[in-house]
Amino acid sequence: MLDGVVAQSKYPLAYHITPLHGLLNDPNGLVQFNGKYHVFYQWNPTGTKHINKNWGHMVSDNMVDWERREIALAPSEYYDKDGIYSGSAVVKDGILYLFYTGNVIEEDGTKKSYQCYATSEDGVTFDKKGPLFAHPEGFTRHVRDPKVWYSETEAKWFLLLGAQTNELLGTAIWYVSTNLIEWEYLGEILSADSEAYMWECPDLFELDGQWVFLLSPQGLPAKGHQFQNIYHSVYFPVVRAGSKYEMVNEKMLEIDWGFEFYAPQTFEADDGRRILYAWMGVMEPEVEQATPTISEGWIHNLTIPRELQFENGKLKQYPVPELALLRKNKTTYTLSEPWLVASDEYAYELLMDVESEASFTLSIKDGTKLFYDVKDRSLTLERINWLTQQPETRKTLLDQPLTDVHIFIDGSSIEIFSNAGTSVASARFFEEGPFVMRYEGEITGRIDIYELEHKNPLS
């Protein structure tokens, strides 16, 4: 968003949620309350390091035009004095409930986590209520990120937490309640992970008749082209099995094969859509601290909002249709001939409709490129690493012919949706100089390119 230090940045973002200044990370408390969309997010307003986490707050009628609100939750109590960590939001009886993890570091260095809640009648001011229950036995202090939802069939509320066992294995635990205040411990919701040492930001929901589990495991080894980043976000279908759930096929699938995508959270909109936001920022610490925007006093952004569907065992992600409100000037090109776009503009939407597939290269500026190789049906995203100044890539293999590519470009971010949202990649890139897009390929089809509006949120 074009306010605060981002408005003067060399790498401005015109329509993504950004911090006013400082560091932004996980999306939190996604909810629709009294008809308005609320997006909270982890925010350090005092600098660009991962300390002093607050909940920033933005509100919108359409997920395009945003109003920036005051900090919703700030460290202040014995149970959250060193950080307001991630969590979720629900509405009950006209009251907005925020659930979060309070981070505490004692004078002797001991670290503790408290699962807490706050309430609001107006969605503007929030009243902290304190911890919900004692820390569960059998787990390290790494228990966090409460996700709460209501089950119509059981007429009960459930609370899900990412956790680490005393044996240093990643897992998730859950609780049940009838009133959001008194909670009964149900144990581990899935068997502990023998590969990951921590599960963060778990999410469980029913989508198109299938229960789907989302989480961000830490410590997974690379497998083929998957899990190439420092941390990952995955999904897998599950089924209820007594007091637990079980994976349908024992296979975790990466939600996003790009460079920066982490801590996704979903919510159900009033119209029944399941919508996701994630953090475009998880990086190796040395890469993060080399990010060019740090010298400007800010770092990171959220993804665009994405509508989810589940079909034939796959999670599908689509840019929400409200984003079409950003469109202005439109240009159309054929995909069978080269083309070039050179402009002072830096916010674009590209819709590629493929009639018959062939290899192609789409370049953005000089060092950021998307390749499609028809021989192995591979998509490869290449960029220049801003720490090493060397090219680096992420790659995925499609299991079907290429039919469509939908791309959102915003200054220093790119989000790629292909084959009806079954293959998605997100990344940041930092290149100075004029904005130039070049295409070479022999695909039969067309591409529509829209320039997109720049958004300055209300204060």
Side-chain angles (χ1 to χ4, degrees), residues 6 9-16 18 48 222 225 228-230 256-262 279-296 298-301 303-304 331 333 335 338-350 352 359-374 376 378-397 402 405-418 423-441 443 447 449 451-452:
V6 180
S9 174
K10 290 182 181 179
Y11 312 97
L13 297 173
Y15 54 88
H16 283 77
T18 55
T48 54
H225 298 299
Q228 298 293 320
N229 300 324
I230 181 172
D256 187 296
W257 58 269
F259 290 92
E260 279 82 44
F261 180 95
Y262 194 69
W279 169 37
M280 286 185 70
V282 68
M283 308 169 183
E284 293 83 354
E286 61 274 17
V287 175
E288 182 176 63
Q289 289 308 305
T291 303
T293 61
I294 282 185
S295 65
E296 301 174 341
W298 72 283
I299 187 170
H300 302 318
N301 59 278
T303 65
I304 58 173
T331 307
Y333 297 97
L335 293 173
W339 51 261
L340 180 147
V341 174
S343 171
D344 292 333
E345 184 52 70
Y346 59 85
Y348 290 97
E349 180 184 6
L350 286 64
M352 183 183 296
S359 299
F360 73 82
T361 300
L362 174 66
S363 301
I364 302 164
K365 293 195 173 182
D366 292 322
T368 305
K369 299 179 175 68
L370 178 65
F371 304 98
Y372 180 64
D373 189 334
V374 70
D376 61 358
S378 64
L379 279 167
T380 301
L381 179 61
E382 180 180 296
R383 71 173 179 194
I384 302 299
N385 182 294
W386 49 89
L387 175 64
T388 66
Q389 294 302 310
Q390 298 299 310
E392 59 181 346
T393 61
R394 293 292 182 267
K395 182 177 180 178
T396 191
L397 301 179
L402 184 67
V405 183
H406 193 173
I407 301 174
F408 278 80
I409 298 170
D410 189 5
S412 57
S413 77
I414 182 169
E415 292 165 80
I416 304 163
F417 305 79
S418 58
S423 179
V424 180
S426 305
R428 300 297 303 279
F429 62 95
F430 298 97
E431 296 184 57
E432 295 188 28
F435 204 96
V436 179
M437 289 188 293
R438 297 180 176 87
Y439 168 86
E440 292 183 353
I443 294 176
I447 184 167
I449 301 177
E451 294 181 2
L452 299 183

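Only heavy atoms go into these numbers, but all of them, side chains included; no hydrogens, no water, no symmetry mates.
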Would a 4.5 Å heavy-atom cut-off, applied to side chains only, mark [X] and [Y] as touching?
X: F435; Y: K365; result: yes
X: Y348; Y: E451; result: yes
X: I416; Y: L381; result: yes
X: Y439; Y: I449; result: no
X: D256; Y: T303; result: no
X: Y262; Y: N229; result: no

[X]: partners by side-chain contact (heavy atoms from CB on, under 4.5 Å), with sequence neighbours left out:
X: K395; result: H225, D376, S378, T380, L397
X: A222; result: Q228
X: D344; result: none
X: T293; result: S9, Y11, T291, E296, W298, I299, F430

Once side chain to side chain donor-acceptor pair (under 3.5 Å) is applied, do any residues pair with [X], and if so which ones, sequence neighbours excluded?
X: H16; value: D410, E415
X: E284; value: none
X: Y372; value: E357
X: W279; value: none

Would you name the heavy atoms of [X] and [Y] that are closest together and state the gap between them?
X: V374; Y: S359; answer: N-OG, 3.1 Å
X: L335; Y: M352; answer: CD1-CG, 3.3 Å
X: P12; Y: V6; answer: CB-O, 3.7 Å
X: N385; Y: L387; answer: OD1-N, 2.7 Å
X: A290; Y: W386; answer: O-CD1, 3.5 Å
X: M280; Y: A427; answer: CE-O, 3.3 Å

The salt bridge (Lys or Arg N to Asp or Glu O under 4.0 Å) partners of E288 (sequence neighbours excluded) come to none
Out of curiosity, [X] [atom1] to [Y] [atom2], how far, rounded to the nearest 0.5 Å?
X: H300; Y: I294; atom1: NE2; atom2: CD1; result: 7.0 Å
X: L370; Y: F360; atom1: CG; atom2: CZ; result: 4.5 Å
X: K10; Y: S295; atom1: NZ; atom2: OG; result: 7.0 Å
X: Y346; Y: S413; atom1: OH; atom2: OG; result: 10.5 Å
X: M437; Y: S343; atom1: CE; atom2: OG; result: 8.0 Å
X: I414; Y: T368; atom1: CD1; atom2: OG1; result: 7.5 Å

If the condition is ring pair (Phe, Tyr, Trp, His ring centres under 6.0 Å), which residues does F371 pass it with, not counting sequence neighbours?
none
Residues forming a ring pair (Phe, Tyr, Trp, His ring centres under 6.0 Å) with F429, sequence neighbours excluded:
none
Please check if the side chain of T361 supplies one atom and the backbone of E440 the other of a donor-acceptor pair under 3.5 Å.
no
Taking salt bridge (Lys or Arg N to Asp or Glu O under 4.0 Å) as the cut-off, I'd like each qualifying pair that reaches into residues 378-394, sequence neighbours left out, listed once.
E260-R383, R383-E392
